[in-house]
Amino acid sequence: MKTPFERLRSLISSLPAAKIDALLITKPTNWYYLTGFSGESGALVVSRKGSTLVTDGRFIAQGRVETSGVRIHEQKGALFESVGQFLKVSHSRRVGFDPSQVTVGQLQSLEKEAGTRVRWIPAAGKVESLRMRKDRGELAQMRRAAILAGEVVEQAIGLLKPGIREFEVGAEIEYQMRKKGASGPAFETIVAFGERAALPHARPTAKRLRKNELVVLDLGAILGHYCSDITRTVYLGRAPKRIRSWYQAVLEAQAAAIAAAKNGAACGDVDRAARQVLTGYHFDHLFVHSTGHGLGLEVHEDPRVARGQKRPLEPGNVITIEPGVYSEGIGGIRIEDDVAVHADRTEVLTRAPRDLIEI
Ligand code: GLY
Ligand code: MN
């Protein structure tokens, strides 16, 4: 199990190759990963000479309690002005930042306050690439988050009856998560009945469930900072032949992708495994998104499990496998589970039944 100190050390050892003296971290999940600081406002400056958390008065005490070996610098005034002023008097000359996480306005404040002696160097995804390989402690936490999500999806299936509204099911799902210790949902819970199941990211509405409708439930919990993500599709009544064939195709596509998700396999090959099964059923045109995504402190993180992705899976990667088919005016079917890649096996973390449930 890695300590934040070891993670910081790995990051610092990657700075010289990028020709930077310091790296500015502005994303909460990244500074949590590196230091254990769970406050939502601040910035972390990582350098070989030590790391400094710049944050405001609300988080100073919390920063001291949650971190060790990190200096805490109290922000005076606006955050990015404070960070710029701090860097102006530091010894860092080439400071990396992630252009996908710092706005143009924030960069302007940094440049103005830090002055011309500091050069700002784009350095994307450095912490995210460390975060892809989960250690033992992270995997243990992700197992718990995944099991929680499986329990909640099963409870939610138990609530389905004619007349219930999408938002009632969504609210119950999020309530049950919190009762089981989650700090909240990992994303807005998706509950889609009937035709609305054709929208892969349907938001719960006042729609009531009727007999002979599909139900897509897609939910995830944040437990101990780590996310889970599970989808199950059920049918209220006896499913017609077309729905059964879609379901069977998606189930087989998912099994093929899980089997392909091995240490060393390219992420694009995992995506292709799912797509090939759906092509065999002539349903590939109904599969309108990618097969999965990395999962961890964020619900969507690297690696991407999508067409053409060459990145090989490595031990410690946790990804979702979630093929689906969608047809406007009829509905949709998705089955999603979370898997962890190990050196010699692939572990499915989510544990709810996957066969078609007809209620
Ligand atoms: N389960 C929601 C998503 O992956 O976008
Ligand atoms: Mn997902």
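Read the numbers this way: they start at 1 and go in the same order the structure lists the ligands and their atoms. Residue numbers run from 1 in the order of the sequence given. Because the structure is a prediction, the values reported are computed rather than measured.
For Tyr281 and Glu252, the side-chain atoms include at least one donor-acceptor pair closer than 3.5 Å. If you check the side chains of Tyr33 and His225, you find no donor sitting under 3.5 Å from an acceptor. Looking only at atom types and distance, the side chain of Arg131 has a donor-acceptor partner in the side chain of Thr29 under 3.5 Å away. For the 3.5 Å distance criterion, the side chains of Asp271 and Thr291 qualify, holding a donor opposite an acceptor. A side-chain donor from one of Asp229 and His293 sits under 3.5 Å from a side-chain acceptor of the other. For the 3.5 Å distance criterion, the side chains of Asp337 and Gln254 qualify, holding a donor opposite an acceptor.
Inspection of the environment of the Mn ion (ligand 2) yields the following protein N, O or S atoms under 2.8 Å: Asp229 OD2, His293 NE2, Glu322 OE2, Glu336 OE2.
The aromatic ring centroids of His300 and Phe187 lie 6.0 Å or more from each other.
The backbone N or O of Asp135 sits less than 3.5 Å from a side-chain atom of Glu138, completing a donor-acceptor pair.
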Within the protein, flag every N or O under 3.5 Å from an N or O of ligand 1, and note the pair and distance.
unit_1, atom_1, unit_2, atom_2, d
ligand 1, 1 (N), Asp218, OD1, 2.9
ligand 1, 1 (N), Asp218, OD2, 2.7
ligand 1, 1 (N), Asp229, OD1, 2.7
ligand 1, 1 (N), Asp229, OD2, 3.1
ligand 1, 1 (N), Glu336, OE1, 3.4
ligand 1, 4 (O), Asp229, OD2, 3.2
ligand 1, 4 (O), His293, NE2, 2.9
ligand 1, 4 (O), His300, NE2, 2.9
ligand 1, 4 (O), Glu322, OE2, 3.3
ligand 1, 5 (O), His201, NE2, 2.7
ligand 1, 5 (O), His300, NE2, 2.9

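Using a 4.0 Å cut-off between a side-chain N of Lys or Arg and a carboxylate O of Asp or Glu, Glu166 and Lys207 do not qualify as a salt bridge.
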